[in-house]
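Worksheet: the structure to be examined is printed underneath.
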Number of protein chains: 2
Amino acid sequence: MKVTNIQSLKNILSDKGYKLTKARENTFSALLSPEPQSMATLIAKSQDKVDRVTMYRNIDLFEKLGIVNRIYVGWKYKLELSDNFMDHHHHLSCLSCGKVIDIEDEQHINEFIKSVTDKFSFTPRHHQFEIDGFCNVCSKSKKS
Amino acid sequence: MKVTNIQSLKNILSDKGYKLTKARENTFSALLSPEPQSMATLIAKSQDKVDRVTMYRNIDLFEKLGIVNRIYVGWKYKLELSDNFMDHHHHLSCLSCGKVIDIEDEQHINEFIKSVTDKFSFTPRHHQFEIDGFCNVCSKSKKS
DNA sequence: CATCTAAATGCAACAAAGTTGCAATTACAA
DNA sequence: TTGTAATTGCAACTTTGTTGCATTTAGATG
Ligand SMILES: [Mn+2]
Ligand SMILES: [Mn+2]
Ligand SMILES: [Zn+2]
Ligand SMILES: [Zn+2]
């Protein structure tokens, strides 16, 4: 499912009967970034090449095809290219100081996903697990 | 942090130097619901009592004070009163048709949370686990 | 490679969501 | 009761996302 270049993008698209267009190439280029980006950023980056409306439509399509993931960072979503079959974002997020801690432990999570998706015949593509609360520093200070 | 009535709301507010106003009482009343609600719903429910702008401002305040949680359901956030016990939201969300399935199985998740919050000395308030993918219906259709 | 057509695009217009500045009102402490 | 800072409502505005439609284009076919 990983898209590394225009050729693999074309393969995924044509496989489902979609066309590889200039707008889609440019949408893909805008997505190349080490960090997840907001829709506004993607639109700004390619403002002379891709119409706003087309950007929305193609991001929707890419998401359905598994080319991009929509993740929530703070109160807004951001978009990123899918890397592996199943991307993950497991965070502890401090409501007081905003610190975000990444969790690596996959053991329990993977078991849980398997059991629950099997139960509902659901095909998972991506998941996100966020725990909001207070970090060790902020837990000690008086004002919650 | 749990708010059960107007008096406890007043306590939390005045504790931080905020006033208990009619608009805030009505904001609180609108939040009383077994289900998380969208901002649009809250605004509609109290359209004759609280101005749209005031609703935004007071929800923001309530969130900072820990009175409400903002959670993501599908692609939109919803609001709910915080509870004493840990709030939880476990969903399967279909990228194609938008269907949201609630998961009730708590077993694996609770183990996982315990182990990871202990590890980082983190005090959890609420958590959210969302799996994006395709529901049983949409998994079968050809243009996935 | 010339032709054909469904798919895709851009544009304009719209709708929904959220923000800002400010004058009028209100909570509440003195 | 009064004084005053906090809060509100309103109007105007920005940002974000959607819809309908005429025009353009990818790419399949021969
Ligand atoms: Mn992460
Ligand atoms: Mn839920
Ligand atoms: Zn913290
Ligand atoms: Zn579905």
Side-chain angles (χ1 to χ4, degrees), chain A residues 6-30 36-65 67-68 70-79, chain B residues 6-7 9-30 36-65 67-68 70-79 95-98 142-144:
Chain A
I6 300 296
Q7 188 48 242
S8 57
L9 176 62
K10 171 155 188 173
N11 290 340
I12 293 181
L13 288 170
S14 60
D15 200 49
K16 304 281 181 181
Y18 297 104
K19 296 176 179 176
L20 175 64
T21 63
K22 276 291 167 209
R24 284 174 185 160
E25 288 186 25
N26 287 320
T27 298
F28 174 72
S29 299
Q37 300 167 92
S38 67
M39 186 62 90
T41 298
L42 294 174
I43 290 169
K45 279 172 77 172
S46 40
Q47 59 178 341
D48 292 330
K49 301 172 195 162
V50 185
D51 186 83
R52 250 169 48 79
V53 178
T54 300
M55 181 63 82
Y56 278 108
R57 293 196 270 229
N58 284 339
I59 289 293
D60 280 354
L61 176 65
F62 283 12
E63 193 177 15
K64 280 183 188 158
L65 294 176
I67 296 168
V68 309
R70 181 184 308 227
I71 63 164
Y72 288 98
V73 181
W75 292 355
K76 303 204 164 186
Y77 70 80
K78 297 199 170 188
L79 301 151
Chain B
I6 300 297
Q7 187 49 241
L9 176 61
K10 172 156 189 174
N11 290 341
I12 292 181
L13 288 170
S14 59
D15 201 48
K16 305 278 181 182
Y18 298 104
K19 296 176 178 176
L20 175 65
T21 63
K22 276 290 167 208
R24 284 174 185 161
E25 287 187 25
N26 286 320
T27 298
F28 174 73
S29 299
Q37 301 167 90
S38 68
M39 187 61 92
T41 299
L42 294 175
I43 290 169
K45 279 172 78 171
S46 39
Q47 58 178 342
D48 294 330
K49 301 171 194 162
V50 185
D51 185 82
R52 247 169 51 82
V53 178
T54 300
M55 182 63 82
Y56 278 108
R57 293 197 269 227
N58 284 339
I59 290 293
D60 280 354
L61 176 64
F62 284 12
E63 194 176 17
K64 275 184 199 146
L65 294 176
I67 295 168
V68 309
R70 183 184 304 228
I71 61 160
Y72 286 97
V73 181
W75 291 357
K76 310 182 302 180
Y77 71 80
K78 298 200 170 185
L79 300 150
L95 293 167
S96 180
C97 69
K142 54 175 185 170
K143 272 198 177 183
S144 65

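Keep in mind the model is a prediction, meaning the values are calculated, not measured. Chain A is the first sequence line, chain B the second, and so forth, proteins listed ahead of strands; every chain is numbered from 1.
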- prompt: Taking for each residue the nucleotide of DNA chain C with the nearest heavy atom, is it A:M55 or B:S14 whose nucleotide lies nearer the 5' end?
  reply: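 Its nearest nucleotide being more 5', the pick is A:M55.
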
message: Closest-nucleotide mapping onto DNA chain C: is A:N58 or B:M39 further toward the 5' terminus? I mean the 5' end.
response: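 Nearest-nucleotide comparison on DNA chain C picks A:N58.
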
Under 4.0 Å between a side-chain N/O of [X] and OP1 or OP2 of [N], yes or no?
| X | N | value |
| --- | --- | --- |
| B:R24 | D:dT7 | yes |
| A:K19 | D:dA28 | no |
| A:K22 | D:dA26 | no |
| A:T54 | C:dG10 | yes |

Give the rounded distance in Å between these two atoms: [atom1] of [X] and [atom2] of [N].
| X | N | atom1 | atom2 | value |
| --- | --- | --- | --- | --- |
| A:L79 | D:dG17 | CG | P | 9 Å |
| A:D15 | D:dG27 | CG | P | 13 Å |
| A:I43 | C:dG10 | CD1 | C1' | 14 Å |
| B:K78 | C:dA17 | NZ | P | 12 Å |
| B:Y77 | C:dG18 | OH | C1' | 8 Å |
| A:I6 | D:dA26 | CD1 | P | 13 Å |
| A:D60 | D:dT16 | CG | C1' | 13 Å |
| B:Y56 | D:dC10 | OH | P | 16 Å |

- prompt: Take atom OH in B:Y18; do more than 12 heavy atoms of anything else shown fall under 6.0 Å from it?
  reply: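 Counting neighbours around OH of B:Y18, 12 or fewer heavy atoms of other residues, nucleotides or ligands fall under 6.0 Å, so no.
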
task: Mark yes or no for a side-chain to base donor-acceptor pair under 3.5 Å between A:R52 and C:dG10, with no hydrogen or angle criteria applied.
output: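 A donor-acceptor contact between them is absent.
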
task: Measure distances between side-chain N and O atoms of B:R57 and base N and O atoms of D:dG9, and say whether any donor-acceptor pair falls under 3.5 Å.
output: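 Indeed there is one.
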
- request: Measure the shortest side-chain to side-chain distance between A:K19 and A:S14 over non-hydrogen atoms and say whether it is less than 4.5 angstrom.
  value: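 Heavy-atom side-chain distance check fails, nothing below 4.5 Å.
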
task: Name the residue closer to the 5' end of DNA chain D, choosing between A:T21 and B:Y18 according to the nucleotide with the nearest heavy atom.
output: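 Between the two, 5'-proximity favours B:Y18.
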
- prompt: Given D:dC10, C:dA12, D:dG27, which nucleotide is nearest the side-chain atoms of A:K10?
  reply: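 My answer, after comparing the listed nucleotides, is D:dG27.
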
message: Nearest to the B:V53 side chain among C:dC11, C:dT19, D:dG9, which nucleotide is it?
response: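 Closest nucleotide to the B:V53 side chain: C:dT19.
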
- prompt: Is a donor on one side and an acceptor on the other found under 3.5 Å between the side chain of A:T41 and the backbone of A:Q37?
  reply: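 No.
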
query: Hey, does B:K76 reach any base, or is it just sugar-phosphate, or nothing, if we go heavy atoms under 4.0 Å?
result: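 Nothing: the residue B:K76, judged by heavy atoms under 4.0 Å, touches no strand.
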
- request: Please report the shortest heavy-atom distance between B:I71 and B:P36, naming the atom on each side.
  value: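 Residues B:I71 and B:P36, closest heavy atoms: CD1-CG, 3.7 Å.
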
- request: Apply side-chain contact (heavy atoms from CB on, under 4.5 Å) to the pair B:E63 and B:I67, showing each step before the final yes or no.
  value: CA-CA 6 Å; B:E63 194 176 17; B:I67 295 168; over 6 Å; no

